[in-house]
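Below is one structure, written out as structure tokens; the observations come after it.
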Amino acid sequence: MSDQVRDSRDLRILVLHGPNLNLLGRREPGIYGAGTLADVDAELALAAKELDVEIECFQSNHEGELIDRIQQAMGRAAGIVINPAGLTHTSVSLRDALLATELPVVEVHLSNIHAREDFRRASMISDIALGVITGLGARGYRYGFEGLVGYLRG
Ligand code: CA2
């Protein structure tokens, strides 16, 4: 097997969902859509299969747990897709952890954070991200995932 093929198959992407996203599909469907988080993860698993990459999805309501997973990604994952949820707007620690990995990061939001309350316009993550997808609903995860894999494969 050539190095190029082996590298491609060995790509592992970490997908992180922040606090309260476990409620997807059960509350506020008008803002966040009717699909559940399990639907999002299933859609991503399908995309991963199509693109022949490994995927690991994780949701937590705890900032420290998300940071632990980010640190564990060092040397294991090739990139990170993250919807930091409410921590987007507040967490210097999450930003520091992402920066420390030196991995490409794609930030995803279901809603358009620029079209809501003022405090949601500010993100601790956007300026260190490879890209940001906001306002395209659950499909945004897939777009972000595909964009990240495309970037990694050059
Ligand atoms: O639009 C997004 O994806 C957000 O990251 C979602 C966060 C919000 O704080 C960000 O400003 C934008 C909220 C996640 C809470 O998710 C829920 C899902 C269903 C019902 C209730 C909350």
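Worth knowing before you read on, the calculation uses all heavy atoms, side chains too, and leaves out hydrogens, waters and symmetry mates. Treat the numbers as computed from the prediction; the structure is a model and nothing was measured. Start at 1 and go down the list; that is how both ligands and their atoms are numbered.
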Going by an N to O cut-off under 4.0 Å, is there a salt bridge joining R69 and E65?
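No.
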With the threshold set at 4.0 Å, does a side-chain nitrogen-carboxylate oxygen contact exist between R95 and D127?
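Looking at D127 together with R95, the answer is yes, because their closest N to O distance falls below 4.0 Å.
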Answer with yes or no whether the side chains of S93 and D96 bring together a donor and an acceptor at under 3.5 Å.
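Their side chains do not contain a donor-acceptor pair, so the 3.5 Å distance test is not met.
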Side-chain H-bond candidate by donor/acceptor type, S91 with E63, under 3.5 Å
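Note: S91 and E63 side chains meet the donor-acceptor criterion.
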Under the ring pair (Phe, Tyr, Trp, His ring centres under 6.0 Å) rule, what pairs show up with a residue in residues 117-144, not counting sequence neighbours?
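Sorted pair list: H17-Y141.
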Under 4.0 Å from ligand 1, counting heavy atoms only: the protein residues, by chain and number:
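Under the 4.0 Å cut-off, ligand 1 touches P19, N20, L21, L23, L24, R27, E28, Y32, N83, A85, G86, H89, H109, L110, S111, I113, R120.
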Please tell me whether V108 and I80 are part of a single hydrophobic cluster in this structure, the criterion being side-chain heavy atoms less than 4.5 Å apart.
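Hydrophobic grouping puts V108 apart from I80.
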